Amino acid sequence: MASSPYYLTTPIYYVNDRPHIGHAYTTLACDVLARFHRLDGRDVHFLTGTDEHGQKVEKSATAASKDPQSFTDEVSQNFRKLAEDMNYSNDDFIRTTEERHKRAAQAIWKAIQDNGHIYLDSYAGWYSVRDEAFYAETELTKNEDGQKIAPTGAEVEWIEEPSYFFDLSKWQEPLLEFYEQNPDFIGPDSRRNEVVSFVKGGLKDLSISRTSFKWGIPVPNDPEHIMYVWLDALTNYLTAVGYPDTENSDYSKFWPADLHMVGKDIVRFHAVYWPAFLMAAGLPTPKRVYAHGWLLNKGEKMSKSLGNVVLPEDLISQYGLDPVRYYLLREVPFGNDGYISHETMAARINSDLANDIGNLAQRSLSMVAKNCDGAVPTPGPLTEADETLLSAALDVVDSARDEFDRQAFHRGLDAIWNVVGDANRYVDSQAPWELRKTDPDRMATVLYVLAETIRHLGILIQPIMPDAAAQMLDQLAIGEDARTFAHLGPAHALTAGTSLPKPAPVFPRYVDEETVS
RNA sequence: GGGCCCGUAGUUCAGCUGGUUAGAACGGACCGCUCAUAACGGUUAUGUCGCAGGUUCGAGUCCUGCCGGGCCUACCA
C-alpha cells in the first residue's frame with residue numbers, strides 16, 4: 001500500500017487562455033496531493049499540460065499570422081511558466097500536438113471503432129466555434145445586429161457536414177450502473193447528483209468528428225475528418241502513461257488514473273463522456289473525478305469583461321508564493337465556490353502563518369539558541385503533557401491523509417493547525433522562561449519537545465508550502481533525506497547536541513503599504 | 001417545467017444515522033504572560049438555527065408548504 005502507484009491529472013488547459021488564478025488553483029490542488037503522496041512513499045505520476053487543437057486555435061494562429069504549430073509552441077509556454085511560478089512538481093507536461101498523443105488518440109478511436117461504437121452520418125446544426133459546441137435552435141437568441149447567438153453570448157453558424165458519431169445513447173444504463181457501483185467516482189456529492197440526473201435524462205449520440213477545419217488529429221483511415229476536440233483532449237490522460245503501448249510502459253503501473261481533478265465546468269466531459277469512451281474502447285475507467293468550485297473575486301465571477309481576473313503572478317509578488325498556496329487551499333472549502341479577497345488573504349497570512357506557526361517556531365527556536373548553546377537540547381524524562389503533544393503531532397498525519405484523500409484540503413490543514421494551537425498552549429503552560437531559572441533540565445526537555453513538534457509540523461506542511469517548510473527544517477538541521485512521513489515519530493527524533501543554525505522568522509507578517517506610510 | 005444544493009453567532013463556516021445548557025475559527029471586549037514576528041494563553045456571544053405548519057416523549061437534524069440565493073437540466077406555444 002505504502003508504495004502503491006498514484007496517478008493524478010489536471011485538465012489540459014486551453015492553450016489560448018492566459019493562465020489565471022483558476023488554472024493555478026486546480027493544478028495547485030494536484031501538486032499538494034502529488035507531494036503528499038510522494039512523502040507517503042508512493043510512486044506518484046502527476047500530469048498537466050495543454051490542449052492545443054481545435055478551430056479556435058487555428059483561427060487565433062491565423063489572426064497572429066502564424067502557423068498553428070508555432071503559435072501553440074509559443075503560447076503553451078505561458079502554462080509552463082505558471083508551473084514554475086507556482087512551484088508545481090508535475091512529472092510530465094503533455095501537449096496534444098505531440099506525436100505520442102496523436103498515436104494514442106488514433107489508437108483509442110480505432111479501439112472504439114473496432115468495438116462497433118462509431119458510425120458515419122451527417123450532422124447539421126448551429127455551431128459555436130468559441131464554445132466548441134452545438135446548440136439547439138431554441139437555445140439561441142439574437143443580438144442587436146440580428147445575429148444568432150448562443151446562451152453564452154458566442155456567435156453561432158449553421159454547419160452541415162458529414163460526421164462520425166459515438167453511440168453515447170447506448171451507454172446510459174452502463175454509466176448509471178457504473179456510478180452505482182463506484183459511489184466515489186464523482187466528488188463532491190452535489191456534482192455526482194447532477195451528473196446522475198443528467199444521465200438519467202437520456203443521452204444523445206455524440207458527433208465526434210469535423211470536416212470544416214484541419215487543426216486536429218485526423219481520423220484513422222479517413223483524414224478528411226478531424227477528431228472531436230474532447231475525445232482528443234481526454235485521451236491525453238492515456239497518452240502520458242504510454243498508451244497504446246500497454247505492456248512496456250507506465251501504463252500497466254499507472255492506469256487507471258487515481259484522480260482527474262477538474263473544474264466544475266467540465267465535469268460532464270470527465271464523468272460522462274470519458275468513462276463512456278473508455279468502456280467503449282474496452283479500457284479501465286479512472287477511479288475518481290473531483291470537480292472543485294470557482295474562486296470568486298469578492299463574490300463576483302472573474303471574467304475578462306468585468307476586468308476582475310486575478311493573475312497568479314500578481315498574488316505571488318504581493319504576498320509571496322507559499323502564503324498564496326496556503327491561502328487558496330485553506331480559505332475556501334474545496335469543492336465549493338468561495339470568495340477570495342485581499343482582506344481574507346492578509347488575515348490568513350497574519351493569524352495562521354505569522355502568528356500561529358511562524359511565531360511558534362521562532363519563539364521556540366530562539367529560546368533554544370539562547371539557552372541551549374544553539375544546539376538540540378538534551379531531554380530528560382517526558383511528562384504526560386510532553387507525550388500528549390508529541391503524539392498529537394505524530395497522529396495528525398493520519399487525519400491529514402484522510403482529508404486530503406477526500407480533497408478536503410481545508411479540513412486537513414485545520415487538523416494540522418490544531419497541533420500548532422496545542423503547541424502554543426503547551427509553551428504557555430510549561431513557561432520555559434520560568435524553568436530557565438528554576439529547573440534548567442526541565443526547560444531543556446520542554447524545548448526539545450517543542451523542537452520535535454516543529455520538526456513534525458515542518459514535514460507535514462511540505463506539500464502545501466515546500467519552501468517555507470524547507471526553511472523550518474533547515475533550522476532544525478534536518479537532512480534533506482530525512483523529511484518524509486516515514487521520518488515522523490520517535491524513531492527519527494532529533495539528536496541532542498546537534499548544533500543548529502541561527503533561527504530566523506519564516507513567515508513574515510503582512511502589512512498594508514498604506515498602513516505603513 | 002423537472003432536479004440538486006444552500007440559507008446556523010458581526011464574518012466564514014462545523015453540526016453523522018433526531019436526544020442533556022447549539023460549536024469552531026476570525027473579528028470585538030476584558031484579563032494574564034513576556035520566550036517570541038506587539039506575537040502567545042485565558043475568559044467572553046442577549047445567536048427567533050430563513051419563515052410557517054406537521055411527525056415525535058423530544059428537531060438545527062425528518063415531512064409539507066412558502067420566501068431568498070446558487071447550480072444542473074428540459075422546454076411549450
Side-chain angles (χ1 to χ4, degrees), chain A residues 135-140 151 186-204 263-269 271-272 291-294 296 298-301 323 327 330-341 343-372 377 403 408 410-411 413-418 420-437 440 443-444 446-447 450-451 454 468 471-472 475 502-511 515:
Chain A
Y135 291 99
E137 179 85 38
T138 51
E139 291 178 279
L140 302 177
I186 309 166
D189 288 344
S190 53
R191 296 295 154 207
R192 179 190 154 76
N193 292 342
E194 259 175 41
V195 168
V196 169
S197 91
F198 171 75
V199 173
K200 279 184 176 163
L203 298 170
K204 292 180 194 150
K264 65 181 187 178
D265 54 327
I266 53 174
V267 66
R268 184 193 303 173
F269 300 101
V272 181
H292 69 249
W294 298 134
L296 306 174
K298 292 176 183 166
E300 287 184 321
K301 181 165 180 178
Y327 169 78
R330 178 64 188 84
E331 180 69 14
V332 176
F334 204 69
N336 294 3
D337 287 355
Y339 301 164
I340 60 172
S341 69
E343 289 73 20
T344 54
M345 172 84 78
R348 282 291 171 196
I349 289 175
N350 287 338
S351 82
D352 295 5
L353 299 182
N355 295 353
D356 289 349
I357 196 170
N359 185 55
L360 170 68
Q362 183 62 12
R363 70 195 301 206
S364 305
L365 296 180
S366 65
M367 280 188 277
V368 170
K370 287 177 192 166
N371 304 311
C372 307
E403 300 295 2
H410 61 296
R411 296 175 72 117
L413 289 171
D414 188 56
I416 295 171
W417 255 255
N418 279 335
V420 175
D422 290 343
N424 273 318
R425 280 183 286 277
Y426 172 86
V427 178
D428 273 54
S429 69
Q430 300 299 319
W433 52 90
E434 285 295 327
L435 295 170
R436 181 165 62 101
K437 299 174 236 170
M443 177 199 73
V446 168
L447 294 181
L450 284 168
I454 293 163
Q471 284 180 51
M472 283 177 65
Q475 294 191 20
K502 206 178 223 21
V506 173
F507 297 106
R509 290 181 64 76
Y510 181 85
V511 183
T515 315

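Throughout, protein chains are lettered first and strands after them, A, B, ... in sequence-line order, and every chain is numbered starting at 1. These numbers come from the heavy atoms of this one structure, side chains and all, not from hydrogens, waters or symmetry mates. As the structure is a prediction and not an experimental result, all values here were calculated from the model.
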Taking atom P in both B:A38 and B:U43, compute the distance separating them and give it to the nearest angstrom. 24 Å

Give the rounded distance in Å between these two atoms: CZ of A:R363 and C1' of B:A38. 13 Å

Applying a 4.0 Å non-hydrogen cut-off, can you work out what A:K200 is touching in the nucleic acid: base, sugar-phosphate, or nothing? nothing

Would you tell me if any nitrogen or oxygen in the side chain of A:K264 comes within less than 4.0 Å of OP1 or OP2 on B:C72? no

Separation of B:A25 atom C1' from A:D414 atom CG, nearest Å, is 8 Å

Report the nucleotide, chosen from B:G41, B:A36, B:U34, that has the shortest atom-to-atom distance to any side-chain atom of A:E434. B:U34

G-U wobble or Watson-Crick pairing nucleotide for B:C40 (cut-off 3.5 Å, both distances): B:G32

Between B:A14 atom C1' and A:E331 atom CD, what is the distance in whole Å? 15 Å

A:D189 vs A:N424, nearer the 5' end of RNA chain B by closest nucleotide: A:D189

Looking only at side-chain N and O atoms, does A:R509 come under 4.0 Å of OP1 or OP2 in B:A39? yes

Return the nucleotide paired to B:G18: Watson-Crick means purine N1 to pyrimidine N3 with N6-O4 or O6-N4, wobble means G-U with N1-O2 and O6-N3, both under 3.5 Å. none

In terms of heavy-atom contacts, A:W417 and A:D352 come closest through NE1-O, 3.0 Å

Taking all non-hydrogen atoms of both residues into account, name the closest pair between A:P432 and A:V427 and its distance. CD-O, 3.4 Å

What is the nucleic acid contact for A:G201, judged by heavy atoms within less than 4.0 Å: base, sugar-phosphate only, or nothing? nothing

If you pin A:R330 and A:N355 to their nearest nucleotides in RNA chain B, which one's is more 5'? A:R330

Check whether any side-chain N or O of A:N193 sits under 4.0 Å from OP1 or OP2 of B:C72, and answer yes or no. no

Rounded to the Å, how far apart are A:N359 CG and B:U37 P? 7 Å

In whole angstroms, how far is the P atom of B:C26 from the CG atom of A:N350? 13 Å

At 4.0 Å (heavy atoms only), tell me whether A:A354 reaches a base, stays on the sugar-phosphate, or touches nothing. base

Any donor and acceptor pair, going by atom type alone, linking the side chain of A:Q475 with main-chain N or O of A:A504 inside 3.5 Å? yes

Distance check, P atoms only: B:C30 and B:G68, in whole angstrom units. 42 Å

A:Y426 atom OH is separated from B:G42 atom C1', nearest whole Å, by 19 Å

Taking all non-hydrogen atoms of both residues into account, name the closest pair between A:V332 and A:Y339 and its distance. CG2-O, 3.8 Å

Which atom names give the shortest non-hydrogen contact between A:E331 and A:P333, and what distance separates them? O-CD, 3.7 Å

Taking atom C1' in both B:U34 and B:G41, compute the distance separating them and give it to the nearest angstrom. 11 Å

Taking pairing as Watson-Crick or G-U wobble with both contacts under 3.5 Å, can you name the mate of B:A25, or confirm there isn't one? B:U11

B:C26 P sits how many Å from A:Y339 OH, rounded? 22 Å

Residues A:I349 and A:Y510: closest non-hydrogen pair is CG2-CB, 3.9 Å

Do you know the tightest heavy-atom contact between A:H410 and A:F334? ND1-N, 3.6 Å

Quote, to the nearest angstrom, the C1' distance that separates B:G7 from B:G15. 15 Å

Looking across every strand, which nucleic acid part, if any, lies under 4.0 Å from A:P505 by heavy atom: base, sugar-phosphate, or nothing? base

What interatomic distance, in whole Å, is found between C1' of B:C31 and the corresponding atom of B:G23? 24 Å

Can you tell me, in whole Å, how much space there is between the P of B:C66 and that of B:G28? 43 Å

What is the separation between atom CG on A:N336 and atom P on B:C4, rounded to the nearest whole Å? 19 Å

Carboxylate-amine/guanidinium proximity below 4.0 Å for A:D428 and A:R425: no

Side chain of A:V427 only, please: which of B:G42, B:C35, B:A14 is the nearest? B:C35

If the C1' atom of B:A25 is compared with that of B:C71, how far apart are they to the nearest Å? 28 Å

So what does A:R348 hit on the nucleic acid, given a heavy-atom distance under 4.0 Å: a base, only sugar-phosphate, or nothing? nothing

As its Watson-Crick or G-U partner within any shown strand, both distances under 3.5 Å, B:C62 has B:G54

Within the 4.0 Å heavy-atom criterion, would you say A:V195 contacts the bases, only the backbone, or no part of the nucleic acid? nothing

Of the candidates B:U37, B:G41, B:C33, the side chain of A:W433 sits closest to B:C33

Across the strands shown, which category fits A:D356 at heavy-atom distances under 4.0 angstrom: base, sugar-phosphate, nothing? sugar-phosphate

Considering only atom C1', compute the distance from B:A74 to B:G27 and round it to an integer number of Å. 46 Å

